[in-house]
Visitor: 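Take this structure first; my questions come after.
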Amino acid sequence: MICRILLLIILNSCLCAATFVVNVTQSSYQAEENHSITLEWTFTTTPDGSWRYLFILCQLLASDKGIILYQVHDGVEVSESQDEQFSGRVQSDKDVLREGRLRLHVSRLRTEDSGLYLCDVETDDGSGSGSLQLSISVQKNIRAEPGQNVSLPCQIPSKKPDVFVKWTRPDLEPEYVFLFRDDQLDPELQNPSYQNRVDLQDRQMKDGDVSLVLENVMPNDRGTYECRVFQREANRRKRRSLTFDPIAVIVLDVAPPPENMEGRTEDGSSHQRAGLIALPVLIITVAVGLVVIKKYCSFLKK
């Protein structure tokens, strides 16, 4: 009899564990720097939404460690375990937690918040985990003049081993502006109009700087540039994307200096030039007028 009871308990535990699932409402999110976002997971719960215990651990998976953004221990939030990177920027929606919904609001987003997020959930009904990808992009407008050199900024949290940097312009064919892999430029797929005109600001990528320098800017360079970064996996054949979406979107406008556009007439001539021509004429006119007035005054005296 005891054996049967133990067997039923074991079978029931296995059944609960098998039916306990942690899901994500969407597998990837994209947001802009300094904006806010809500990340959401769902997990199996009982109809009355009550547990004897609840454990949650949500982390940003970095290359060398997990960065904790949210933790619940035995039903109580543990703010002390939260990493400094997320301090004061993460709030949970406690009202929906009993419904089996874990909603985390992350504010003042930073580029280093990009990456893979994993949440482990354990209740007396079972345990499981779910992951999602978050990409934070920086969008900037940059204005340059023809002939100038311009830097298009792009930053990753830190320099990863075997980093592959890709700068593209989606409106071009081929779209590749710059490819950098195996610590060198790969010109094979590069758009011909950018050959010998682009390079990384720092090929050592110090502090994760993967900004692109574009030399001798031309009007045809006007457009939207996207920066993506990949990392080679351990087998050195496949690459995994550090960010599925671009981490930087730069809109480049190339135009003459504003002062060159001001004072233009319909035929393209400059009002400034007209003014320079009119000035001597005005001086001569005034001088002649003075001479005439002087002679007239002398005539009156006689």
Visitor: Does Glu145 offer a backbone N or O that forms a donor-acceptor pair with the side chain of Gln148 under 3.5 Å?
Guide: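 Present.
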Visitor: Say whether, by atom type as modelled, one donor and one acceptor occur between the side chain of Gln204 and the main chain of Lys206 under 3.5 angstrom.
Guide: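 Checking the backbone N and O of Lys206 against the side chain of Gln204, no donor-acceptor pair under 3.5 Å is found.
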Visitor: Could you tell me if the side chain of Thr224 sits less than 4.5 Å from the side chain of Val249, heavy atoms only?
Guide: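 With C-beta onward as the side chain, the pair touches.
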Visitor: Roughly how far, to the nearest 0.5 Å, is the CD atom of Glu122 from the NE2 atom of His73?
Guide: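 One gets 10.5 Å once the value is rounded to the nearest 0.5 Å.
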Visitor: Just do the side-chain hydrogen bond (donor to acceptor under 3.5 Å, both in side chains) check on Tyr70 and Glu77 with the steps written out, would you?
Guide: CA-CA 8 Å; Tyr70 183 73; Glu77 289 188 3; 3.0 Å; yes
Visitor: Side chains of Cys58 and Ile56: does their closest heavy-atom pair fall under 4.5 Å?
Guide: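 The answer is yes; the side chains approach within 4.5 Å.
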Visitor: Flag the pair Thr44 / Val121 as yes when at least one side-chain heavy-atom distance between them is below 4.5 Å, and no otherwise.
Guide: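 A side-chain contact under 4.5 Å is absent here.
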Visitor: Could you check whether Asp113 and Gln85, counting side-chain N and O atoms only, form a donor-acceptor pair closer than 3.5 Å?
Guide: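 The criterion, which ignores hydrogens and geometry beyond distance, is satisfied for Asp113 and Gln85.
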Visitor: Salt bridge (Lys or Arg N to Asp or Glu O under 4.0 Å) between Arg108 and Glu33: does it pass, once the steps are laid out?
Guide: CA-CA 7 Å; Arg108 304 189 303 279; Glu33 186 181 31; over 6 Å; no
Visitor: How many angstroms lie between atom CG of Leu102 and atom OG1 of Thr42, to the nearest 0.5 angstrom?
Guide: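 Leu102 atom CG to Thr42 atom OG1 measures 9.5 Å (nearest 0.5 Å).
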Visitor: State the CG-OG distance between Asn23 and Ser129, to the nearest 0.5 angstrom.
Guide: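 Between atom CG of Asn23 and atom OG of Ser129 there are 10.5 Å.
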Visitor: Heavy atoms, side chains only, cut-off 4.5 Å: are Pro153 and Ile250 in contact?
Guide: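 Touching, per the 4.5 Å side-chain cut-off.
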Visitor: Treating Ile, Leu, Val, Met, Phe, Trp and Tyr as nodes and any side-chain heavy-atom pair under 4.5 angstrom as an edge, say whether Val177 and Val138 lie in one connected cluster.
Guide: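 Unlinked, Val177 and Val138 end up in two clusters.
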Visitor: Do you know the tightest heavy-atom contact between Leu109 and Ala31?
Guide: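 Smallest heavy-atom distance, with atoms named: CD1-CB, 3.5 Å.
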Visitor: Would Ile37 and Ile67 show up in the same hydrophobic cluster when neighbours are defined by side-chain heavy atoms closer than 4.5 Å?
Guide: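 Yes.
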Visitor: In Å and rounded to the nearest 0.5 Å, what is the CG to CH2 distance from Asn191 to Trp167?
Guide: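 Going from the CG atom of Asn191 to the CH2 atom of Trp167 covers 15.5 Å.
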Visitor: Just how far is it from atom CG of Asp209 to atom CZ of Arg203, taken to the nearest 0.5 Å?
Guide: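 Rounded to the nearest 0.5 Å, the CG-CZ separation comes to 14.0 Å.
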Visitor: CG of Asn34 to CD of Gln139: how many Å apart, nearest 0.5 Å?
Guide: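 So the CG of Asn34 and the CD of Gln139 are separated by 12.0 Å.
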Visitor: Please determine whether side-chain hydrogen bond (donor to acceptor under 3.5 Å, both in side chains) holds for the pair Gln30 and Ser135, giving the CA-CA distance in whole Å, both sets of side-chain angles, and the decisive distance to 0.1 Å.
Guide: CA-CA 5 Å; Gln30 184 176 13; Ser135 299; over 6 Å; no
Visitor: When you measure from the side chain of Arg222 to the backbone N and O of Val254, does any donor-acceptor pair fall under 3.5 Å?
Guide: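 Yes: the side chain of Arg222 pairs with the backbone of Val254.
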Visitor: Any ion pair linking Arg103 and Glu40 (charged N to carboxylate O, less than 4.0 Å)?
Guide: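 Looking at Arg103 together with Glu40, the answer is yes, because their closest N to O distance falls below 4.0 Å.
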Visitor: Determine whether a donor-acceptor pair (N or O, by modelled atom type, separation under 3.5 Å) exists between the side chain of Asn149 and the backbone of Asn216.
Guide: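 Yes; at least one donor-acceptor contact below 3.5 Å.
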Visitor: Strictly under 6.0 Å, is that where the ring centroids of Tyr53 and Phe55 end up?
Guide: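 Yes, they do, as the ring centres are separated by less than 6.0 Å.
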Visitor: Without swapping roles, check the side chain of Ser211 against the backbone of Gln201 for a donor-acceptor pair under 3.5 Å.
Guide: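 No.
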Visitor: Which atom pair, heavy atoms only, marks the closest approach of Ser107 to Gly88?
Guide: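 It is OG-O, 4.5 Å.
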Visitor: Take atom CD in Glu84; do more than 12 heavy atoms of anything else shown fall under 6.0 Å from it?
Guide: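 Open: at most 12 neighbouring heavy atoms sit under 6.0 Å from CD of Glu84.
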Visitor: Is there a side-chain hydrogen bond (donor to acceptor under 3.5 Å, both in side chains) between Asn196 and Glu215? Walk through the geometry before answering.
Guide: CA-CA 9 Å; Asn196 302 317; Glu215 298 180 348; over 6 Å; no
Visitor: Say whether Tyr194 and Leu252 are linked into one hydrophobic cluster, either directly or through other cluster members, by side-chain heavy-atom distances under 4.5 angstrom.
Guide: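 Yes; Leu252 is reachable from Tyr194 via cluster members.
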Visitor: Under a 4.5 Å cut-off applied to non-hydrogen side-chain atoms, are Val210 and Cys227 in contact?
Guide: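 In short, these two side chains touch, coming nearer than 4.5 Å.
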Visitor: Report yes if the side chains of Ser27 and Leu132 come closer than 4.5 Å at any heavy-atom pair, otherwise no.
Guide: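 Answer no - side chains too far apart.
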Visitor: Is the backbone of Asp125 close enough, under 3.5 Å, to the side chain of Thr123 for a donor and an acceptor to pair up by distance?
Guide: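 Yes; at least one donor-acceptor contact below 3.5 Å.
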Visitor: Applying side chain to side chain contact (heavy atoms under 4.5 Å, CB included) to Val150 and Ile142, what does each step give before you reach the verdict?
Guide: CA-CA 9 Å; Val150 65; Ile142 294 179; 3.7 Å; yes
Visitor: Using 30° and 60° as the class limits, which term best fits the ring planes of Phe86 and Tyr117: parallel, tilted or perpendicular?
Guide: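 Plane angle over 60°, so perpendicular.
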Visitor: Do Leu57 and Leu134 belong to the same hydrophobic cluster, where Ile, Leu, Val, Met, Phe, Trp and Tyr are linked whenever their side-chain heavy atoms lie under 4.5 Å apart, directly or via other members?
Guide: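 Not linked; separate clusters.
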Visitor: Please find the pair of heavy atoms, one from Val165 and one from Met205, that lie closest to each other, and give the distance.
Guide: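 Minimum heavy-atom separation between Val165 and Met205: CG2-CE, 3.9 Å.
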Visitor: Does Gln82 use its side chain to pair, donor to acceptor, with the backbone of Leu69 at less than 3.5 Å?
Guide: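 Yes; judged by distance alone, with no hydrogens or angles, the pair exists.
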Visitor: Donor-acceptor pair, Trp41 side chain versus Leu104 backbone, under 3.5 Å?
Guide: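 No; zero donor-acceptor contacts below 3.5 Å.
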Visitor: Any salt bridge between Lys166 and Glu226, counting N to O under 4.0 Å?
Guide: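 The answer is no: the pair does not qualify as a salt bridge.
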Visitor: Tell me, with the steps shown, if Val251 and Asp253 meet side chain to side chain contact (heavy atoms under 4.5 Å, CB included).
Guide: CA-CA 7 Å; Val251 179; Asp253 182 26; 5.9 Å; no
Visitor: Do Val198 and Leu200 share a hydrophobic cluster (ILVMFWY, side-chain heavy atoms under 4.5 Å, transitive)?
Guide: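 Yes; Leu200 is reachable from Val198 via cluster members.
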Visitor: Should Cys154 and Ile247 count as side-chain neighbours, where that means a heavy-atom distance under 4.5 Å?
Guide: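 Sidechains of Ile247 and Cys154: in contact.
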